[in-house]
2 protein chains.
Amino acid sequence: MPDRAIRPRKEFGKTIAADITHRLREEIIACGLLPGEPLRFDVLRERFGASFTTLREALTALSAEGLVDAQEQRGFRVAPVSGQDLVEVTDARVLIDVELIRRSIQKGDDDWEIAVISTLHRLKRIEQRDPEQALRDAEWKIAHRQFHQALVSACGSATLLAIRAELFDRAERYRYLSANFRPRPRDKAGEHQAIMQAAISRNAEQAAELIETHIRSTADNVAKYAGHLLEAG
Amino acid sequence: MPDRAIRPRKEFGKTIAADITHRLREEIIACGLLPGEPLRFDVLRERFGASFTTLREALTALSAEGLVDAQEQRGFRVAPVSGQDLVEVTDARVLIDVELIRRSIQKGDDDWEIAVISTLHRLKRIEQRDPEQALRDAEWKIAHRQFHQALVSACGSATLLAIRAELFDRAERYRYLSANFRPRPRDKAGEHQAIMQAAISRNAEQAAELIETHIRSTADNVAKYAGHLLEAG
DNA sequence: CTCACCCTTATTTTCGAAAATAATATCGTT
DNA sequence: AACGATATTATTTTCGAAAATAAGGGTGAG
């Protein structure tokens, strides 16, 4: 494996640019890079071991996703957060997720049901197995994302799924941002269970209602306990 | 104006990359670059007079907008078209535009009404003034875009407006693609007039219905008269 | 004749130097 | 001291050469 020696870092994607895009996205979502923080090339160059132009390509891609803010001739910075933005992202997510879960419930086949059930199962196992938080969080967040992804995966529109994925990422960043300030959520396990049951029993109206409540209550929680972070910038 | 001599091409945006992104977007939408066509750097370099990396940045941005297809290690090509994609874009547009026009009707102030009325007025003037087609088309398309933009501009969500704009561009490309094959549309002027009236009189339900019909009938027309172009790619 | 392999060519991808621009500090004038 | 103009520094942006990768072509073994 001589490649490994020559170019150690290329875990995701075939090109370095795609890899860096992926790593930067993860860091921004997890607030390892804080909202509003300037993204200077010198710093990024050292941190990610890539050249100006490769970094520039990654930042341009993330700019289109709404995670990075490009200020022409004055560089890039992590996209700032705000109460207004949180409201917009939440509203857009409700609009799209509600529609997509309706379509998935209408079109979903056996494989879809299996995906919904198994991703929820994994999520619950993680919640039960390890009441610790540190290790749990990363794994839980992946499982959580996959469950919600599975719910809408049968909607039939790659276009809307791509838009949904971007909005999910933007919302996830707010959850990370507020994670240290808000208490553990009330009964998320119960909510997920109810959503799964409504979906599998093909009760579109109930599933739509539950999803909307789920998304909005999470956002409300963020706003309630991290409101002080949303207007400073 | 010494800048002009040193760097002739920078009409849009402050950076060359932003300018090229803009010009490439226009050409792809207008099908000056055809769906599926490979975008080789040698060719683009000569055509746009920019370097590899600058072009790469532009292509990356357009890739995120769905107008360019990035194939890792194998370059870029104009995003292909298909019947499935047309259906998805149309569906997504209906979902979002219908919602945004409802919100605009609820929130729109005097300035919004003025924008709707005046953009429609301009559109009608162009239609009446110059029954020629060649010159009309470019101008008409701009006015048409601005009218539809005005209708939803008061919705209050920059997030959803950005998503809407991307979908509009993708749909516009299909209209260009089919322009040479389909007859002049039936009564677009009448449809626009009706939409404006419903909006101004704050009849949200009627406006929503008219917009949906408007979007779907345009897409149907494209599929009907340019169907043969949609599966070759 | 077919297929796998290596070699050659075409193309993309990455890099760091150099140019362009913005930010900051310095200085002279009022 | 306050202000504006100018020089200095910091940072971004652009470029084309060089490295990496894919595509194409030919050769020989089976």
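Here is the naming used below: chain letters follow the sequence lines, and residue numbers restart at 1 for every chain. Computed from a prediction, not measured in an experiment: that's the story for all the values here.
Rounded to whole Å, the distance from CZ on B:R77 to P on C:dT12 is 14 Å. Following rounding to the nearest Å, B:D19 (CG) and D:dT14 (C1') show an atom-to-atom distance of 14 Å. Rounding to whole angstrom units, CD1 of residue A:I16 and C1' of D:dT21 are separated by 12 Å. Computed from coordinates, the B:Q71 CD to C:dT12 C1' distance equals 12 Å when rounded to whole Å. Across the protein-nucleic acid pair, A:F48 atom CZ and C:dT14 atom C1' stand 17 Å apart, rounded to whole Å. With rounding to whole Å, B:R74 atom CZ is found 14 Å from C:dA10 atom C1'.
Closest to the A:T54 side chain, of the nucleotides D:dC15, C:dT14, C:dT13, is C:dT14. In this structure, the nucleotide among C:dT14, D:dG16, D:dA22 sitting nearest to the side chain of A:A17 is C:dT14. Considering only side-chain atoms of A:Q73, the nucleotide from C:dT14, D:dT13, C:dA23 that sits closest is D:dT13. Checking D:dA22, C:dC15, C:dT13 against every side-chain atom of B:F76, the shortest atom distance belongs to C:dT13.
Shown for residues 57-65 of chain B: no residue has heavy atoms falling under 4.0 angstrom of DNA chain C.
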Check the interface with nucleotides 9-11 of chain D: list each N/O to N/O pair with the protein under 3.5 Å, or write none.
none

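By the side chain to side chain donor-acceptor pair (under 3.5 Å) test, B:T159 is found to be paired with A:E88, A:R170, residues two or more places apart in sequence or in another chain being considered. Shown here are the ring pair (Phe, Tyr, Trp, His ring centres under 6.0 Å) partners of A:F147, two or more places apart in sequence or in another chain: A:H192. Applying the salt bridge (Lys or Arg N to Asp or Glu O under 4.0 Å) test to A:R93 and every residue at least two apart in sequence or in another chain returns nothing.
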Show me the side-chain donor-acceptor pairs of residues 33-45 of chain B shorter than 3.5 Å, one per line, residues at least two apart or across chains.
unit_1	atom_1	unit_2	atom_2	d
B:E37	OE1	B:L34	N	2.8

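Residue contacts shown for A:T53 include a base, since a base heavy atom lies under 4.0 Å away. Using a 4.0 Å heavy-atom cutoff across all strands shown, A:F52 reaches at least one base atom of the nucleic acid.
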